[in-house]
Protein chains: 2
Amino acid sequence: MPIEDEQARFLRCIGEPTRLQILKLLAESEKCVGEIVEALNREQSLVSHHLRALKECNIVVARQEAQKIYYGLADLRLSELVATSESLMRELPLCQSKGACYDE
Amino acid sequence: MPIEDEQARFLRCIGEPTRLQILKLLAESEKCVGEIVEALNREQSLVSHHLRALKECNIVVARQEAQKIYYGLADLRLSELVATSESLMRELPLCQSKGACYDE
DNA sequence: AATTCATATGAATGGAGGTTCATATGCCTA
DNA sequence: TAGGCATATGAACCTCCATTCATATGAATT
């Protein structure tokens, strides 16, 4: 199977709202599961499932400390990828011509 | 809804194998539907559906010339995004430690 | 106007994956 | 070793979407 299959898997792993929020959190600093759960206000099992997906794609690395497990970005360039994709999306042609889009 | 929803939509639009192939083709130069169909050896309707998706995300722009419709990248930085995401994926930690992965 | 070429559209199907619920694992303290 | 805290796992459900098939639109040529 061509490289595009793996690349698509990689991009889709990043391209999920909750996981994007997690990645933006981890771009600040590594965090344990409980901190992520609190910050996103989502179910613990949901966060855990997403962290598993990110880990399987090697986007995130885990470090255990007592009961807690700290997650961090596997590579600093991942936060750049997230940031540049966001700014690029905002600047796309039709977006400019139609005024305000992608409001927060 | 937060910006992450739109960003996820944008990244998932790029993160599909067939669409990635299309984007890499269009990174060379703009092409009409028939050329893309021939290059990818996929059904015409499938390519058309994917071009529609890319266009709705403003990733691609269309230009009509007689019966043919030429598609091109909406922004040159999109090909950079595709390329950097591929090289970044290849370099991720576990990938290095486990030897060859993402073979073509 | 009819036919052909180029592309788009719509419905139907099948599969992948996000979310929730319930439960399991594992580490720590008393 | 019991109990509680932190995280992971599995199944079930449901939605989204990639693909195919059949058909429609539209432009060019005769």
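Predicted, not measured: the structure shown is a model, and the values here were computed from it. Hydrogens, waters and symmetry mates are skipped; everything else that's a heavy atom, side chains included, is used. Just so we're on the same page: letters track the sequence lines, and every chain starts at 1.
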Check whether [X] reaches the backbone of [Y] with its side chain - one donor and one acceptor, N or O, closer than 3.5 Å.
X: B:Glu35; Y: B:Cys32; answer: yes
X: A:Thr84; Y: A:Glu80; answer: yes
X: B:Arg12; Y: A:Gly15; answer: yes

Donor-acceptor pair (no angle test) under 3.5 Å: B:Gln44 side chain, C:dA6 base: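 Looking at the base of C:dA6, it does not pair with any donor or acceptor on the side chain of B:Gln44 (distance under 3.5 Å).
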
Spatial distance of atom CZ (A:Arg19) from atom NZ (A:Lys24) [nearest 0.5 Å]: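 It is 14.0 Å, given to the nearest 0.5 Å.
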
Check the distance between [N]'s [atom2] and [X]'s [atom1] and give it to me in whole angstrom.
X: B:Glu65; N: D:dA28; atom1: CD; atom2: C1'; answer: 14 Å
X: A:Leu54; N: C:dG17; atom1: CG; atom2: C1'; answer: 14 Å
X: A:Leu51; N: D:dA8; atom1: CG; atom2: C1'; answer: 10 Å
X: B:Lys31; N: C:dT7; atom1: NZ; atom2: P; answer: 14 Å
X: B:Glu38; N: C:dA6; atom1: CD; atom2: C1'; answer: 14 Å

Per A:His49 side chain, nearest of listed nucleotides D:dT19, D:dC5, C:dT20: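 Shortest atom-to-atom distance from the side chain points to C:dT20.
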
Nearest-neighbour nucleotide for the A:Arg42 side chain, C:dT19, D:dT20, D:dT7 considered: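 In terms of side-chain proximity for A:Arg42, the closest of C:dT19, D:dT20, D:dT7 is C:dT19.
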
Looking only at side-chain N and O atoms, does [X] come under 4.0 Å of OP1 or OP2 in [N]?
X: A:Tyr71; N: D:dA8; value: yes
X: A:Thr18; N: C:dT19; value: yes
X: B:Arg52; N: C:dT9; value: yes

Please write out each protein N/O paired with an N/O of nucleotides 15-17 of chain D under 3.5 Å, distance rounded to 0.1 Å.
residue	atom	partner	partner atom	Å
D:dC17	OP1	B:Arg12	NH1	3.0

Verify same cluster id: A:Leu88, A:Phe10 (apolar side-chain graph, 4.5 Å):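 Same cluster.
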
Nearest-nucleotide 5' precedence on DNA chain C, A:His50 against B:Ser48: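 Its nearest nucleotide being more 5', the pick is B:Ser48.
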
Which residue lies more 5' along DNA chain C, comparing A:Gln67 with A:Glu43 via nearest heavy atoms: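 Final value for this comparison: A:Glu43.
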
Salt bridge (Lys or Arg N to Asp or Glu O under 4.0 Å) between B:Arg9 and A:Glu16, intermediate numbers included: CA-CA 8 Å; B:Arg9 205 181 288 275; A:Glu16 199 282 329; over 6 Å; no

B:Lys31 atom NZ, over 12 foreign heavy atoms within 6.0 Å: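 Yes, enclosed.
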
